[in-house]
Amino acid sequence: MDRGTERDGTATEYAATGRIPLAVVVVDRAGLVSHWSSGARRLFGATKEEAIGHPAVDLLPVSGALPEDDDISPYGPYGAYDDAGHDLETSLDGRLYYPTAGRARLTVPERDRVDVLWWAYPLVGPGPERLLVLGADVGRLQQEAAGEDPGFDRVAPAFALHTDFPGAEELASRLPEILPSMSVDESARIVGQILELGYPVLEFSQNDRVPVTPDWGVPRRVERRARRERAARAAAHGLPAPAEDPDDGEDLEYVAVRERLEFLNEVSGRIGTSLDLAQTIVEVSRAVVPRFTDVAGTYLREQVVAGEGFPDGVPDTTTMWHRVALEHTDEPGRWDDVVPVGEAMPFPAHTPFFQCMTSGEPVLVPRITPEMGHAIASQFEKRDIRPLITGRSMLVVPLKARNVVLGFMILLRHPERVEFNDMDRVTGAELAARAGLVLDNARMYTYQESVAETLQDSMLPQIPRRMAGCDITTRYLPGTLLGRVGGDWFDSVKLPGARTALVVGDVMGHGLNSAAKMGQLRTAVQTMAALDLPPAQLLRNLDDLAQRLGDNYLATCLYVVYDPLAGELRLANAGHIPPVLVRADSGHGELLDLPTGAPIGVGGVPFEEVRLRVEPGDRIVMCTDGLVELRGEDIGVRLAVLCESAAHPAASMDEACDTIIRALNPRGGRKDDVALLMARLNGIAPADVAVHRLELDPAGAGRARALVREQLRAWGLPRLADTAGLLVTELVTNAVRHSRDRPVELRLVRGETLLCEVDDDSHELPTLLDAGPDDTAGRGLRVVSTLARAWGTSRTGTGKTVWFELTLTPC
């Protein structure tokens with residue numbers, strides 16, 4: 001601040017802080033007004049409703065030359081004045097990266113032409129705000145600040161950088177009050193940048209400068225009187241002109257500020273290009289070398305590196321920090337062996353790193369002394385890092401998000417390079433704040449994706465590779481662009497009569513919600529399939545369920561039931577990609593023509609069932625649309641490739657699936673996840689099936705036992721005769737006891753296991769009971785559960801089926 005001299009020769013401040021009503025306008029990155037204060041309404045004549053969301057160039061004095069007669073302006077109501085600084089348009093369109101000020105006249109409806117001073121501050125950081133504009137009425141300033149003194153005949157806006165004006169603290173406390181629509185963090189960020197870039201100043205003459213403190217309205221009378229008295233006293237002292245032009249010094253500081261803002265903008269554009277945590281770490285480290293520093297080491301907390309939840313608690317001497325990146329301009333390999341990437345270590349309390357991580361503030365070490373170098377090197381066992389760090393300037397900046405330290409960066413400059421200073425500390429803090437936000441976004445994305453992927457993996461079934469009469473192979477591929485987790489799934493369900501249900505579905509959307517919905521629908525399909533519902537009826541019930549769960553449940557589903565005894569497929573489709581059937585005799589792949597149906601969740605749309613004969617050795621291929629849909633390519637061509645690749649000869653089912661994946665995803669880059677299920681329909685030979693009908697007679701259990709023994713001897717499985725006979729006796733006894741009119745049916749199927757099924761016409765499912773010593777019933781199913789490889793029950797259209805399996809043990 002310029003000073004005058006009292007009569008006794010002592011220096012005194014000649015101008016005091018001004019307190020004036022300001023118009024406050026915030027412009028976002030699209031050039032639209034996002035904040036319009038009441039002062040802006042009074043000064044510029046537009047209401048808040050008329051301003052918010054409209055182009056700032058239509059509301060502010062941006063450009064144009066004012067005619068000498070001051071009556072008509074070819075540029076509308078605005079005009080430049082006295083060439084006082086840049087025109088505001090240059091700041092509005094983003095061409096300036098440093099604060100500017102200017103003066104203009106404008107015509108406000110129902111008012112005379114108004115003389116306006118403005119200050120424009122470019123805003124940097126992660127928020128949507130790009131520019132802060134402050135405006136004031138020159139006429140009111142001349143009356144209230146200069147009073148009647150003719151020495152204050154010229155008023156122009158200016159800036160004062162890094163000064164200690166008495167109003168600085170008041171500005172910091174008052175400005176957030178006139179940014180009421182912003183969060184505390186955002187308004188504090190804007191205030192901090194104003195104080196760093198330049199304090200708003202009124203220049204009343206060539207030498208007299210008065211700092212400005214914003215106020216909601218008109219200054220109180222006592223404040224105006226005090227201001228007049230201070231101005232009169234300063235004029236009475238006859239203030240001398242300053243020794244040098246202050247504008248020259250300010251221009252140099254403007255250059256430094258501009259370069260700092262340009263650097264930060266450049267860094268912001270280089271980091272956060274993806275949500276991949278590893279790539280983000282590399283981007284953050286490389287963004288500062290070599291322009292800002294010569295060495296950049298990045299350390300992150302263990303939970304961040306592991307992609308876990310948000311770190312808890314304040315770091316301490318036991319906190320493990322992982323060195324995740326190291327960039328430098330030294331000769332290759334100089335740092336690699338001494339401080340390798342991937343190493344984890346704690347830091348003791350006496351180090352500047354611990355001070356940074358616990359305080360959350362940057363720590364500046366102008367030069368690392370030999371003593372400090374020795375203290376730091378003591379943390380590295382059997383490695384002497386003193387030659388690498390001693391004599392260098394060091395800046396340690398915290399990587400924070402939501403006031404939690406995620407990590408820190410160690411920045412080192414070569415001894416011959418200029419030391420880090422206070423401005424570098426501010427720059428480093430701003431850089432770290434942006435990097436911390438980007439890292440936290442990547443960390444949260446990685447964490448959420450990990451949770452969703454874990455959820456999805458837990459919901460995707462472990463399908464047996466062999467079911468009755470068929471072999472099954474599956475593939476699941478996560479998406480690579482839109483996110484790794486989606487709602488695709490596949491499943492197989494064992495049905496009575498040695499049949500198998502094959503399911504492929506796709507919940508629309510990606511992420512955790514889609515994975516959760518997929519789990520719900522898959523569970524519902526499992527439950528309905530166990531009821532042995534026809535395919536069309538199952539999809540109808542699934543659609544009704546989706547309607548009850550909510551409007552946002554949309555999914556496609558293909559449901560197929562394979563009957564290996566009858567050599568038949570029963571299919572129903574709900575808006576899904578149709579399956580491909582590869583005939584064993586011709587080796588030709590055919591895209592089945594099925595009624596498409598509507599997706600699950602649309603509601604009110606019927607589903608149709610199709611029956612199709614198949615032969616042993618035929619293969620059915622079911623997939624989700626992520627495999628065949630690719631931007632820029634015709635879906636018909638992709639489906640033809642699917643048919644061709646599915647029919648390609650292969651040595652195994654796994655190789656056949658891999659052939660399809662390679663053919664349809666040669667370069668990767670698919671956006672959606674993929675579920676693929678292939679089943680080879682082997683069928684069951686009539687010689688491997690035995691069916692017997694048993695009348696409702698108490699002697700039926702003994703006859704069933706004899707039939708089982710005879711059949712197993714014929715199949716060469718005499719070792720299973722006793723166990724199978726005992727278990728069949730229990731099931732047939734229960735069936736005869738609970739059946740009503742229809743005879744009991746006993747079915748034996750030889751395949752990978754021995755399957756025994758007993759059907760009756762009762763819909764009441766038996767339950768496993770814990771029979772006591774005196775109970776006369778309830779032990780039959782306990783015996784079955786103990787001796788059988790697997791067992792189960794299911795309802796059928798005419799009653800129920802109870803079944804068990806035994807592992808084959810030939811003689």
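Note that the structure is a prediction, hence the values are computed from the model and not measured. The residues of the chain are indexed from 1 along the displayed sequence.
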Side chains of residues 674-687: which donor-acceptor pairs under 3.5 Å do they make with residues two or more places apart or in other chains?
{"unit_1": "R680", "atom_1": "NH2", "unit_2": "D471", "atom_2": "OD2", "d": "3.0"}
{"unit_1": "N682", "atom_1": "ND2", "unit_2": "D471", "atom_2": "OD2", "d": "3.1"}

What pairs of donor and acceptor atoms, side-chain ones from residues 591-610 against any protein atom, are under 3.5 angstrom apart with sequence neighbours left out?
{"unit_1": "E609", "atom_1": "OE1", "unit_2": "R570", "atom_2": "NH2", "d": "3.3"}
{"unit_1": "E609", "atom_1": "OE2", "unit_2": "R570", "atom_2": "NE", "d": "2.7"}
{"unit_1": "E609", "atom_1": "OE2", "unit_2": "R570", "atom_2": "NH2", "d": "3.2"}

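A donor-acceptor contact closer than 3.5 angstrom links the side chains of T624 and D488.
Other residues, nucleotides and ligands contribute more than 12 heavy atoms inside 6.0 Å of the CZ atom of R742.
Salt bridge D658/R475: present, at least one basic N to carboxylate O contact under 4.0 Å. Classification of D532 and R795 as a salt-bridged pair fails, no side-chain N sitting under 4.0 Å from a carboxylate O. Using a 4.0 Å cut-off between charged nitrogen and carboxylate oxygen, R540 and D544 count as a salt-bridge pair. Ionic pairing of E655 and R662 is not present here: no N-O contact between side-chain nitrogen and carboxylate oxygen is shorter than 4.0 angstrom. The pair K800-D759 does not count as a salt bridge, with every side-chain nitrogen at least 4.0 angstrom from each carboxylate oxygen.
In this structure, D673 CG and W489 CH2 are separated by 12.0 Å, a value rounded to the nearest 0.5 Å.
Take E695 and apply the side chain to side chain donor-acceptor pair (under 3.5 Å) test, not counting sequence neighbours, and it matches no residue.
Among all heavy-atom pairs drawn from T796 and P496, the shortest one is CG2-CG, 4.2 Å.
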